[in-house]
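Notes follow once the structure below has been shown.
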Amino acid sequence: MCNIEYYLTSTGDMTDRTAEIRTLLEEYGVCRLGCGTFVVSGLDMPDHSSLMGEGGATTLRLPEETQSNYAVKVGSFCTVKDMHLRGDDNLTERVEEMGDRHGLLFEGNATPKDWANQPQNSIVSGCFITGFSGGGITCRDTGYGTQCCLLVSDCHIMFCGAGINIAHLSEFHKFTNVLSERNCYGCINNGGNNVFTNCGFNCNKTGFLMDNAQGQSINNSHGSMVGCTINHSHYNEGIGIISLGITAGYIFTGCQVFFSKIVVEDSDGLVFDAMNYGRKVEIDIKGGGSVVFSNSSFRPAPDAIRITDNDHVRFINCYDRMTGEVVDV
């Protein structure tokens, strides 16, 4: 047994450990969980605290019957690392619609005119997150402050409503080396300035959604996705990337899209550069402004390119790598 004051061992049963974990976080600023399962009923982390496990050997579980809609709510300057966060045991297949039970929740109370006192600069790493009907990781109402960000790395999220769920009025979050697969949505990115690097959004019902169709956010999109994969959406027949009402631009660069459609509606300033496209790719653009596909290869050329009510779509240096022919409209 580890002889450290802030170390907890598993009881091996369904005892609720929320209060014990919270007490250690308040007293020591850190709680380390040993191997085994630890049941919680909605853990609110105090600011400047760290919750650590022993990797896949540690499970933090939110039982199905618990009323809380999140397993862990992260405060300011917090760290969560190296554990399995587990929700509904019955969610072992892809979720078909969004619910409201979240794994890790990073939440503020921002409004379009009140951005003060939001959670700041927390870190999540090395987590395996499964079985939450809402977001495996959810950021909502955190405002527009550059310091109000969640940094997420080296996580694997499956069987959730959305692997990553970023609501409107939530900005400057960063995701690196995150694999989000077999969820209803790989990612819902409805805030601005959010960046995704070397992530995988594969085998989801919908890969990557940005939705400002009703003008919900006055400061939407204008982020980037770099070196990511969006493959095999909805059993090879679904949408990999969908942009609705995005007016401030978004950059996709160095990404791979296979067996997934691209849908753009009433959006402006989207750039798909240095992309690798595979089979069963269709491109459907309706309304909006500038949409650019550049310096990219297709194998083969898209099954369909449909453009409606938009004269600002450009294909620049795009080729079918099977035939060498130029891809254009």
Can you tell me if S122 uses its side chain to pair, donor with acceptor, with the backbone of F77 under 3.5 Å?
-> yes
Anything under 30° is parallel, anything over 60° is perpendicular, the rest tilted; go ahead and classify F259 against H232.
-> parallel
What residue among F298, F258, F315, Y319 forms ring pair (Phe, Tyr, Trp, His ring centres under 6.0 Å) with Y277?
-> F298
Could you tell me which non-hydrogen atom of N189 sits nearest to which non-hydrogen atom of M210, and how far apart they are?
-> O-CG, 3.4 Å
Can you tell me if R101 uses its side chain to pair, donor with acceptor, with the backbone of G131 under 3.5 Å?
-> no
Taking 4.0 angstrom as the limit, do E237 and K280 come out as a salt bridge?
-> yes
Can you say whether the rings of F293 and F272 are parallel (under 30°), tilted (30 to 60°) or perpendicular (over 60°)?
-> parallel
T79 side-chain N/O to S50 backbone N/O, donor-acceptor pair under 3.5 Å = no
Residue list, side-chain hydrogen bond (donor to acceptor under 3.5 Å, both in side chains) with N69, at least two apart or on another chain | D100
Is there a side-chain contact between I21 and L33, using heavy atoms and a 4.5 Å cut-off?
-> yes
Are the side chain of H156 and the backbone of D154 linked by a donor-acceptor contact shorter than 3.5 Å?
-> no
Side chain to side chain contact (heavy atoms under 4.5 Å, CB included) evaluation trace for V178 with I157 = CA-CA 8 Å; V178 175; I157 310 171; 4.1 Å; yes
Under a single-linkage definition using a 4.5 Å side-chain heavy-atom cutoff for Ile, Leu, Val, Met, Phe, Trp and Tyr, are L51 and V152 assigned to the same hydrophobic cluster?
-> yes
Only counting residues at least two apart or in another chain, list the ones meeting side-chain hydrogen bond (donor to acceptor under 3.5 Å, both in side chains) with S294.
-> D273
Expected output: side-chain S170 to main-chain G191 donor-acceptor under 3.5 Å = no
With a 4.0 Å cut-off, would you call D303 and K261 a salt bridge?
-> no
Going by heavy atoms in the side chains, are Y70 and D44 under 4.5 Å from each other?
-> yes
Could you tell me whether the side chain of N310 and the main chain of T308 form a donor-acceptor pair under 3.5 Å?
-> no
Value rounded to 0.5 Å, distance of OG in S260 from CG in N236 | 7.5 Å
Taking atom CZ of R140 as the centre, does the number of heavy atoms from other residues, nucleotides or ligands within less than 6.0 Å exceed 12?
-> yes
Spacing of I242 atom CD1 and I239 atom CD1 [to the nearest 0.5 Å] = 4.0 Å
Using a cut-off of 6.0 Å, state whether more than 12 heavy atoms not belonging to R22 lie near its atom CZ.
-> yes
Test item: side-chain donor near acceptor, N276 and Q256, under 3.5 Å | yes
Do F38 and M83 have side-chain heavy atoms sitting under 4.5 Å apart?
-> no
Is a side-chain N or O of S267 found less than 3.5 angstrom from the main chain of T247, in a donor-acceptor match?
-> no
Any Y6 side-chain heavy atom under 4.5 Å of R32 side chain | yes
Could you pull out the closest heavy-atom pair between G186 and S180, with the gap in Å?
-> O-OG, 2.8 Å
Tightest non-hydrogen contact, residues T66 and V40, listed as OG1-O, 4.2 Å
Are any of the side-chain nitrogens in E181 or R94 under 4.0 Å away from the carboxylate oxygens of its partner?
-> no
Measure the OG1-CG distance between T18 and L60 for me, rounded to the nearest 0.5 Å.
-> 8.0 Å
Pairwise side-chain contact, I137 with I129, heavy-atom cut-off 4.5 Å (strictly under) | yes
Just wondering, are more than 12 heavy atoms of other shown residues or ligands nearer than 6.0 Å to CD in E97?
-> no
Closest non-hydrogen contact found for N295 with C318 is N-SG, 4.2 Å
Interatomic distance, S68 atom OG to L43 atom CG [nearest 0.5 angstrom] = 9.5 Å
For D47 and S76, indicate whether the former's side chain and the latter's backbone hold a donor-acceptor pair under 3.5 Å.
-> yes
Apply side chain to side chain contact (heavy atoms under 4.5 Å, CB included) to V313 and I305, showing your working.
-> CA-CA 11 Å; V313 180; I305 300 176; over 6 Å; no
CG (L150) and SG (C78) are apart, to the nearest 0.5 Å, by 10.0 Å
Heavy-atom count around E65 CD within 6.0 Å, excluding the residue itself: above 12?
-> yes
Pairwise side-chain contact, F106 with V124, heavy-atom cut-off 4.5 Å (strictly under) | no
Derivation and outcome, side chain to side chain contact (heavy atoms under 4.5 Å, CB included), residues D268 and H312 | CA-CA 9 Å; D268 189 14; H312 304 285; over 6 Å; no
Closest non-hydrogen atoms of Q216 and N212, given as atom of the first, atom of the second and distance, are N-OD1, 3.0 Å
Heavy-atom side-chain proximity of F128 to M158 below 4.5 angstrom | yes
To the nearest 0.5 Å, tell me how far D328 CG sits from I316 CD1.
-> 9.5 Å
Nearest non-hydrogen partners of V80 and M45, listed with the distance = CG2-SD, 3.5 Å
Should N190 and S217 be marked as a side chain to side chain contact (heavy atoms under 4.5 Å, CB included) after you check the CA-CA gap, both sets of side-chain angles, and the distance that decides it?
-> CA-CA 8 Å; N190 286 341; S217 176; over 6 Å; no
Reference residue T142; test side chain to side chain donor-acceptor pair (under 3.5 Å); the match among E107, E171, Q118, H173 = H173
Are the side chain of N183 and the backbone N or O of F159 linked by a donor-acceptor pair below 3.5 Å?
-> yes
Has the side chain of T323 got a donor or acceptor atom that lies under 3.5 Å from a matching backbone atom of E325?
-> yes
Would you say D211 and I188 make side-chain contact, with heavy atoms under 4.5 Å?
-> no
Partner residues of K81 under the side-chain hydrogen bond (donor to acceptor under 3.5 Å, both in side chains) criterion, sequence neighbours left out = none
For atom CZ of R279, is the number of surrounding heavy atoms from other residues, nucleotides or ligands below 6.0 Å larger than 12?
-> no
